[in-house]
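Down below is the structure, laid out as structure tokens.
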There are 2 protein chains.
Amino acid sequence: MTTEREFLDGYDPREFPPVAVTVDVVTLTVRDGVLHVLLVDRAQHPFAGRRALPGGFVRESETLAEAAMRELAEETGLRPGEGQLGAVHLEQLASYGDPGRDPRMRVISVAYLAFAPSLPDPRAGGDAAGAAWVPVSEAAGLAFDHDAILAAGLDRARAKLEYTPLATAFVPAEFTISELRAVYAAVWGEDLHPGNFHRKVLSVPGFVESTGETASRGGERGGPRARLYRAGDARLLHPALLRPAREDGVR
Amino acid sequence: MTTEREFLDGYDPREFPPVAVTVDVVTLTVRDGVLHVLLVDRAQHPFAGRRALPGGFVRESETLAEAAMRELAEETGLRPGEGQLGAVHLEQLASYGDPGRDPRMRVISVAYLAFAPSLPDPRAGGDAAGAAWVPVSEAAGLAFDHDAILAAGLDRARAKLEYTPLATAFVPAEFTISELRAVYAAVWGEDLHPGNFHRKVLSVPGFVESTGETASRGGERGGPRARLYRAGDARLLHPALLRPAREDGVR
DNA sequence: CCATGTTGTTCTCAGGTTGAGTATTACTCG
DNA sequence: CGAGTAATACTCAACCTGAGAACAACATGG
């Protein structure tokens, strides 16, 4: 904010230092059991040829979230929404503003985090020639400080799976328990005990609710047809689905 | 961020729209068992006479975190650090940039959250004439969108007490288990079972470590002298200290 | 200095949750 | 049709939790 006091006898004689505000979007999805992030190829000079998170300037009339949604839609053709098929969950991640993070000028970037169900390749669609889904394990050496932003997004995603029903944003509107389990496995990078996962998911009130139906066929390699569920109305998971503990304490 | 593509054939003809970037700091402390936030009085026109979070412009050569630390130091005389007496924990909270949130111009504010041990009144110190610790229950009707920022800070603080040793940032370097419990009670707004809290804190590896010593006297209203502890080296609490469940599910 | 009430610390115990393993059955593919 | 796989349901021991009680060490006010 800006107190009037600061505004008048401000420390900086200039009215305001030249700053640009941008948004960058970490968009995650699970394809074929592997966590992917949406990246674009940079053509021009700072970091030319490197990959980067999609992003751009915040326009004068839009909110930060609107700018993030616009950037996301431009790259993927998605329409972020809140409940329909193809809906995308979008939330603010953090802001990055170290002097020198962009060699051209002072740029403050507000990073957003988006979760999408499995989607077609963005190349197929609009003007986003250089956009592609990249497995997070191969997404290193990004432009600017985007490696750090991506890492923060992954941390946040992994943590939010524990205590929110966010995993349902990665699957279609109707899904099976094992599809949900595959999301957890992909994001956390470790397999989960099928029986315990099943018990846990069904015991958390409001996490999933049964459609009376059953999948039209069994798994690819066999097994019975699984029951179908849709996302419930819970916003917080109680009790939480805690991931197996790593090296505790100092970390 | 800012792709060169955007930079060149950008949507906005001007080089960059006029934007100011500020930091606002939500500084929390526990005094006499009550959670307080540091606020300043606004003298000049937008929201004159209202209270607001301390904040100000980000200077050209400093990082966002440095700007937040500077604002905090200016208002309190504190020196944020990481382990000494009077150390203050500082972390980024979120950014706020709706058009119109400041009536004068487009202002993007990066909010920070700080946790301090009980401190003397800021009035005593430097040039911060209008700064004061205010119980959070009385901190409503703040300037700009600071009510929302404060609410976000409180949410974050309450959540982080569960799975991080953050409570130790609210107490002196050496403290008793019940002083720690008083912090949880103040931040969460509910009393905790002393016996269970004791057991839990001591069972989490790295949360606290014993100094061999004992408090110099018992409680104000009686009771034995408690043992003294200092913060351990854990950064994450495993298992977490979960607060009693509220209204589950829909929330 | 004594009676009273308060508090730090340790136990106990019943109930719930967890991880790991097993059983059963319904599917797939070749 | 046979072999392998996966969805779902159980079992069981280990652990954690909330609630309560026990007890000793203290402060305070007469």
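By convention in this document, chain letters (A, B, ...) are assigned in the order of the sequence lines, proteins followed by strands, and residues within each chain are numbered from 1.
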> Of A:Arg243 and B:Ala226, whose closest DNA chain C nucleotide lies nearer the 5' terminus?
Replying inline: B:Ala226
> By a strict heavy-atom criterion of less than 4.0 Å, which residues belonging to residues 181-194 of chain B are in contact with DNA chain D?
Replying inline: B:His193
>> Of the options C:dG8, C:dG19, C:dT9, whose atoms approach the side-chain atoms of A:Asn196 most closely?
In response: C:dG19
> Are the charged groups of A:Arg230 and A:Glu209 less than 4.0 angstrom apart, N to O?
Replying inline: yes
> Quick one: side-chain hydrogen bond (donor to acceptor under 3.5 Å, both in side chains) partners of A:Lys200, sequence neighbours excluded?
Replying inline: none
>> What range of DNA chain D does chain A touch, first nucleotide to last, counting atoms under 4.0 Å from its heavy atoms?
In response: D:dG4 to D:dT11
> With a 3.5 Å cut-off and no angle check, do the side chains of A:Ser95 and B:Ser95 form a donor-acceptor pair?
Replying inline: yes
Considering only distance and modelled atom types, tabulate donor-acceptor pairs under 3.5 Å from the side chains of residues 178-192 of chain A, sequence neighbours left out.
from, atom 1, to, atom 2, distance (Å)
A:Ser178, OG, A:Thr176, OG1, 3.4
A:Glu179, OE1, A:Thr176, N, 2.8
A:Tyr184, OH, A:Leu161, O, 2.9
A:Trp188, NE1, A:Arg158, O, 2.9

>> With the threshold set at under 4.0 Å for non-hydrogen atoms, list the residues of residues 160-168 of chain B touching DNA chain C in residue-number order.
In response: none
> Can you list the residues that meet the side chain to side chain contact (heavy atoms under 4.5 Å, CB included) rule with B:Leu202, with sequence neighbours excluded?
Replying inline: B:Ile177, B:His198, B:Val208, B:Tyr229
>> Using a heavy-atom cut-off of 4.0 Å across all strands, would you classify A:Arg199 as base, sugar-phosphate, or nothing?
In response: base
> Quick one: on DNA chain C, does A:Gly223 or B:Ile177 contact a more 5' nucleotide (nearest heavy atom)?
Replying inline: B:Ile177
>> Just verifying a value: how many Å separate A:Ile149 CD1 and A:Leu53 CG, rounded to the nearest 0.5 Å?
In response: 6.0 Å
> Which residues pass the side chain to side chain contact (heavy atoms under 4.5 Å, CB included) test with B:Ala148, sequence neighbours left out?
Replying inline: none
>> According to ring-ring contact (aromatic ring centres under 6.0 Å, His included), who are the partners of B:Phe115, at least two apart in sequence or on a separate chain?
In response: B:His89, B:Phe170
> Looking at five pairs on each end of the helix from C:dC1-D:dG30 to C:dG30-D:dC1, what is the angle between the two axes, given to 10 degrees?
Replying inline: 30°
>> Considering only residues two or more places apart or on different chains, which pairs with a residue in residues 136-150 of chain A satisfy salt bridge (charged side-chain N to carboxylate O under 4.0 Å, His left out)?
In response: A:Arg101-A:Asp145
Using the 3.5 Å cut-off, write out each protein N or O paired with an N or O of nucleotides 2-4 of chain C and the distance between them.
none

>> Check this for me: does any side-chain nitrogen of one of A:Arg70 and A:Glu66 sit under 4.0 Å from a carboxylate oxygen of the other?
In response: no
> Under a 4.0 Å heavy-atom cut-off, which of residues 207-218 of chain A touch DNA chain C?
Replying inline: A:Arg217, A:Gly218
